[in-house]
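So you know, we letter chains A, B, ... as the sequences are listed, proteins then strands, and number each from 1.
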There are 2 protein chains.
Amino acid sequence: MKKMPRGEGKFLIKQRAFIKLFMIKFVEENRLYGMQAMDELKAAFKQFGYEPNHSEIYRSLHELIDDGILKRHKKLQEGAKYKEVVIYQFDDYEKAKLYKKQVKTDLDRSINLLRKAVEDVF
Amino acid sequence: MKKMPRGEGKFLIKQRAFIKLFMIKFVEENRLYGMQAMDELKAAFKQFGYEPNHSEIYRSLHELIDDGILKRHKKLQEGAKYKEVVIYQFDDYEKAKLYKKQVKTDLDRSINLLRKAVEDVF
DNA sequence: CTATGAACACATTGTTCATAT
DNA sequence: ATATGAACAATGTGTTCATAG
C-alpha cells in the first residue's frame, strides 16, 4: 500500500484511536492500569456489543508512550497481593490534549458520515 | 481467528456492509453499473473525506450475488460506444430488504456507540 | 481511454502463547 | 489465579496488474 497522503479516502475512525482516547481519559482521572481500563471500557460499551480485548488495550497504551504522550512506572498493587501493575502518567499533556482534539474531529466526522448514510438510504 | 459467535466484540460497521447497502439502494433506483455507483458514492461522501475505491465496489457487488440478493446481466452501454457494462437486478428482493434492515441496525448501533464516546469523554 | 475483475500487499485487529507474580 | 506483553494468524481493504472493449 502506498501512503494515505493524510487520512484521504478513509472510512470510519479506527478502534486504536478510539481506545487511545479513553486511555487518555483514564489517566486524566488518575486511576488506571491496563486491566482496569479494559474492564471499564467493556462495561461501558457492552450495551453496543463492543468488548475490546486486552491486546488492543496494551497496544494502545504502548502507542501512546511511543507518541510521547504517556510514560509508565510500576507500582505495587493495592491490597495484600504484592503484585506489580503498570501505571501511566502524562509525559506531555499538551500533546495529549492535541491528540484528543484530533480524535474528536474524527469521531464527529464518523458520526456525520454514518448519519448521512441513514438519511440517504432510509 | 476463531469465530465471532455472532457479531460479539465488534467495533463499528464494516465498509463492506456500508457499500452493499448503497448498492442495493442503487439497484432499487434502477440505474446502476459499478463505476457509476462509485462515482456517486464518492461525490456523496467526499465532504467527509471518504472516497471508496473501485475494488471495494466490485467486491461488494460480487458478495451480494453470492448472498443471493442480486443477479447480473450485461447490457450495451448507451451511446455510440458499443461497450458492455454489467447491470444488476434483484435476485431475491425479500433478502435484500432483510439485509437492509440488518445494516440499518448496525448503522444505528455504530452511531450510538460513537455518540456515547463523545459524551463520555467530552 | 473506460469498465470489470483478480492478484497482491499491507494494515488492523483477534487469538494464542509466554512470563512473572 | 491476574496482569502484562509478544507472537502468530485471520480479516479487511488499498494498490496494482490484467483483460476486454
Side-chain angles (χ1 to χ4, degrees), chain A residues 1-20 23 26 32-42 49-66 70 72-88 106, chain B residues 1-20 23 26 32-42 49-66 70 72-88 106:
Chain A
M1 225 172 286
K2 279 295 165 51
K3 75 292 165 191
M4 289 290 214
R6 204 73 305 258
E8 289 310 309
K10 67 186 292 229
F11 186 46
L12 301 176
I13 188 172
K14 291 283 184 289
Q15 180 181 200
R16 183 74 47 83
F18 183 93
I19 294 179
K20 284 167 79 174
M23 294 304 107
F26 287 138
L32 174 92
Y33 62 94
M35 283 300 95
Q36 279 182 342
M38 183 180 73
D39 292 341
E40 286 192 38
L41 266 188
K42 282 191 178 181
Y50 172 51
E51 297 189 72
N53 62 44
H54 81 278
S55 279
E56 263 301 298
I57 304 290
Y58 288 125
R59 277 191 287 246
S60 300
L61 287 166
H62 298 164
E63 215 171 271
L64 285 166
I65 291 173
D66 293 341
L70 296 184
R72 34 173 289 158
H73 65 102
K74 302 202 172 190
K75 190 186 165 191
L76 283 182
Q77 199 173 36
E78 304 297 319
K81 279 174 289 187
Y82 293 101
K83 180 175 174 56
E84 275 186 336
V85 291
V86 180
I87 297 289
Y88 295 87
D106 206 15
Chain B
M1 224 172 283
K2 279 296 166 50
K3 74 291 165 191
M4 288 290 214
R6 205 77 304 255
E8 289 311 310
K10 68 186 293 230
F11 186 46
L12 300 176
I13 187 172
K14 291 284 185 288
Q15 180 181 200
R16 183 73 46 83
F18 183 93
I19 293 179
K20 284 168 78 175
M23 293 304 106
F26 287 139
L32 175 90
Y33 60 94
M35 284 299 95
Q36 278 182 343
M38 183 180 74
D39 291 341
E40 286 192 38
L41 266 188
K42 282 190 178 181
Y50 171 52
E51 297 189 73
N53 61 44
H54 81 278
S55 280
E56 264 301 298
I57 304 289
Y58 289 125
R59 277 190 288 246
S60 300
L61 287 166
H62 299 163
E63 215 171 88
L64 285 167
I65 292 173
D66 294 341
L70 295 185
R72 36 173 287 159
H73 67 101
K74 301 202 173 191
K75 189 187 163 190
L76 284 184
Q77 201 174 35
E78 303 298 319
K81 280 175 290 187
Y82 291 103
K83 179 176 174 58
E84 276 186 336
V85 292
V86 180
I87 297 291
Y88 294 86
D106 205 15

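In this structure, B/Q36 and B/V85 have side chains that are not in contact, with every pair of non-hydrogen atoms separated by 4.5 Å or more. Within the 4.5 Å cutoff, the side chain of A/L61 has heavy atoms near those of the A/I57 side chain.
Taking atom OH of residue A/Y33 and atom P of nucleotide D/dT2, one finds them 10 Å apart after rounding to whole Å. The CD-C1' distance, from B/E63 to D/dT11, rounds to 12 Å in whole Å. The nearest whole Å value for the distance from the CG atom in A/N53 to the P atom in D/dT4 is 14 Å. At whole-Å resolution of the value, CZ in B/R59 and P in D/dT16 are 14 Å apart. Atom CD of B/E56 and atom C1' of D/dT11 are 12 Å apart (whole Å). Between the P atom of D/dT19 and the CD atom of B/E84 lies a distance of 18 Å, rounded to the nearest Å. Nucleotide D/dT4 holds its P atom 10 Å from the CE atom of A/M38, rounded to whole Å. In this structure, B/I57 atom CD1 and D/dT15 atom C1' are separated by 15 Å, rounded to whole Å.
Closest contact between the side chain of A/Q15 and the listed nucleotides C/dA7, C/dG14, D/dA6 involves C/dG14. Side-chain proximity of A/S55 to C/dT15, C/dA3, C/dG5: nearest is C/dT15. Of the candidate nucleotides C/dT12, C/dT4, D/dT13, C/dT12 has the atom nearest to the side chain of A/K14.
Residue A/H62 is classed as a sugar-phosphate contact, given heavy-atom separations below 4.0 Å to backbone atoms only. Contact annotation for A/Y88: backbone-only contact, meaning every heavy-atom pair under 4.0 Å involves sugar-phosphate atoms and none involves a base.
Aromatic ring orientation, A/Y58 versus A/H54: perpendicular (interplanar angle above 60°, classes split at 30° and 60°).
Between A/Q36 and D/dT2 there is no side-chain N or O to OP1 or OP2 distance below 4.0 Å. Not one side-chain nitrogen or oxygen of B/Y58 sits closer than 4.0 Å to the OP1 or OP2 atom of C/dA6.
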Item to check | CA sep, side-chain torsions, deciding dist, call: A/M23, A/L41, side chain to side chain contact (heavy atoms under 4.5 Å, CB included) | outcome: CA-CA 10 Å; A/M23 294 304 107; A/L41 266 188; 4.0 Å; yes
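At least one donor-acceptor pair under 3.5 Å links the side chain of B/N53 to the backbone N or O of B/E56.
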